[in-house]
Amino acid sequence: AGAISGAIDRLFANASVPVRTQTEKDFAQAQLSQIGDMEFFVDAVTGASFFTLLLLSGSSLTQAFRERHRELAILKTLGSSYSRVACILLCEALILCGMAAILGLILAFASLSVLGHVSGGLLPARISLQVLLAGLALAFMTAILSGAVPVFLSRRLTIADALAFR
């Protein structure tokens with residue numbers, strides 16, 4: 001493509017309107033670069049999405065904790081230690097966030113493969129291993145952060161209060 005575009009540029013070197021040939025991919029990238037710093041935009045949207053997911057998962061895990069006061073009180077009555085209850089709550093958070101991350105990464109993989117073919121190579125057709133590992137790490141971090149509130153609340157939970165809670 002470089003030899004052909006160079007030949008076309010030489011043919012029209014003395015024209016009244018300058019000609020600069022380029023591939024469609026280069027043209028599309030030039031148009032996108034005029035919009036602004038795309039990397040910053042993508043990072044900002046990703047950060048906002050992560051924060052929203054953190055709030056939503058934290059809220060749902062806290063609600064699930066509130067609904068199960070009695071079960072946690074029964075576990076404590078039967079002799080379960082704080083660390084065992086905390087482990088149960090954190091495992092629930094890890095399962096919730098892990099399954100969501102796996103489903104999201106599968107959907108992203110499928111979407112990118114379709115978009116890569118449709119865009120003619122402008123978008124990458126697959127997800128790199130680095131992105132997959134980052135997605136799983138963010139899911140783990142989300143699980144730990146959103147599971148921290150129920151774990152903290154379970155430490156303060158007394159058996160009498162939990163059984164009387166309605």
Side-chain angles (χ1 to χ4, degrees), residues 25 28-166:
K25 185 176 181 179
Q29 287 176 345
Q31 295 298 321
L32 285 176
S33 69
Q34 289 180 359
I35 294 174
D37 188 6
M38 290 301 288
E39 186 174 338
F40 172 75
F41 180 71
V42 170
D43 288 345
V45 169
T46 303
S49 300
F50 176 70
F51 182 71
T52 303
L53 287 173
L54 182 62
L55 288 177
L56 290 174
S57 62
S59 174
S60 65
L61 288 171
T62 303
Q63 181 64 30
F65 170 76
R66 286 185 188 130
E67 291 173 355
R68 294 187 343 197
H69 272 109
R70 288 181 190 259
E71 289 96 356
L72 294 174
I74 291 171
L75 281 174
K76 285 186 171 189
T77 303
L78 294 175
S80 293
S81 65
Y82 163 72
S83 60
R84 178 171 287 181
V85 172
C87 182
I88 290 170
L89 293 171
L90 283 177
C91 285
E92 286 178 359
L94 285 169
I95 290 170
L96 175 74
C97 293
M99 295 300 288
I102 290 170
L103 179 64
L105 289 170
I106 289 171
L107 288 173
F109 180 79
S111 299
L112 272 181
S113 64
V114 170
L115 288 174
H117 293 301
V118 169
S119 70
L122 182 62
L123 295 174
R126 62 184 182 89
I127 297 176
S128 67
L129 180 62
Q130 182 181 6
V131 171
L132 286 174
L133 293 176
L136 293 174
L138 282 173
F140 180 77
M141 190 169 70
T142 302
I144 297 300
L145 290 175
S146 60
V149 173
V151 167
F152 175 73
L153 293 175
S154 73
R155 185 170 193 83
R156 296 179 27 203
L157 185 67
T158 63
I159 296 171
D161 289 339
L163 289 175
F165 184 77
R166 287 191 182 226

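In this text the structure is predicted, and so the values were computed from the model without any measurement.
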Holding to side-chain contact (heavy atoms from CB on, under 4.5 Å), I want the full list of residues that pass it with [X], two or more places apart in sequence or in another chain.
X      : answer
Met141 : Phe50, Leu138, Leu145
Leu132 : Leu105, Ile127
Ser83  : Ser81
Leu55  : Phe51

For [range], which residue pairs qualify under salt bridge (charged side-chain N to carboxylate O under 4.0 Å, His left out), counting only residues two or more places apart or in two chains?
range            : result
residues 141-151 : none
residues 135-150 : none
residues 98-113  : none

Check: Ser59 main-chain N/O paired with Thr62 side-chain donor or acceptor under 3.5 Å =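 No; zero donor-acceptor contacts below 3.5 Å.
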Examine distances only and state if a side-chain atom of Lys76 and a backbone atom of Ala162 form a donor-acceptor pair shorter than 3.5 Å.
->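 Judged by distance alone, no pair lies under 3.5 Å.
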Test side chain to side chain donor-acceptor pair (under 3.5 Å) applied to Glu71 - qualifying residues, sequence neighbours left out | none
Out of curiosity, Leu136 CG to Cys97 SG, how far, rounded to the nearest 0.5 Å?
->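 Spacing of CG (Leu136) from SG (Cys97) equals 12.0 Å.
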Rounded distance [0.5 Å steps], CG in Leu61 versus CG in Leu153 = 11.5 Å
Using the side chain to side chain contact (heavy atoms under 4.5 Å, CB included) rule, pick out the option among Thr77, Leu72, Leu75 that qualifies with Ile159.
-> Thr77
Would you find more than 12 non-hydrogen atoms of other residues, nucleotides or ligands less than 6.0 Å from Tyr82 atom OH?
-> yes
Taking C-beta and beyond as the side chain, do Leu78 and Ile74 meet within less than 4.5 Å on heavy atoms?
-> yes
Which pairs pass side-chain hydrogen bond (donor to acceptor under 3.5 Å, both in side chains) with one or both residues in residues 149-160, sequence neighbours excluded?
-> Thr158-Asp161
Do you know which two heavy atoms are closest between Leu163 and Arg70, and how far apart they sit?
->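 So the two residues come closest at O-NH1, 3.3 Å.
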Only distances under 3.5 Å count here; give the side-chain donor-acceptor pairs of residues 84-94 to other protein atoms, sequence neighbours excluded, each with its distance to 0.1 Å.
{"residue": "Glu92", "atom": "OE1", "partner": "Arg68", "partner atom": "NH1", "Å": "3.2"}
{"residue": "Glu92", "atom": "OE1", "partner": "Arg68", "partner atom": "NH2", "Å": "3.3"}
{"residue": "Glu92", "atom": "OE2", "partner": "Arg68", "partner atom": "NH1", "Å": "2.6"}
{"residue": "Glu92", "atom": "OE2", "partner": "Arg68", "partner atom": "NH2", "Å": "3.0"}

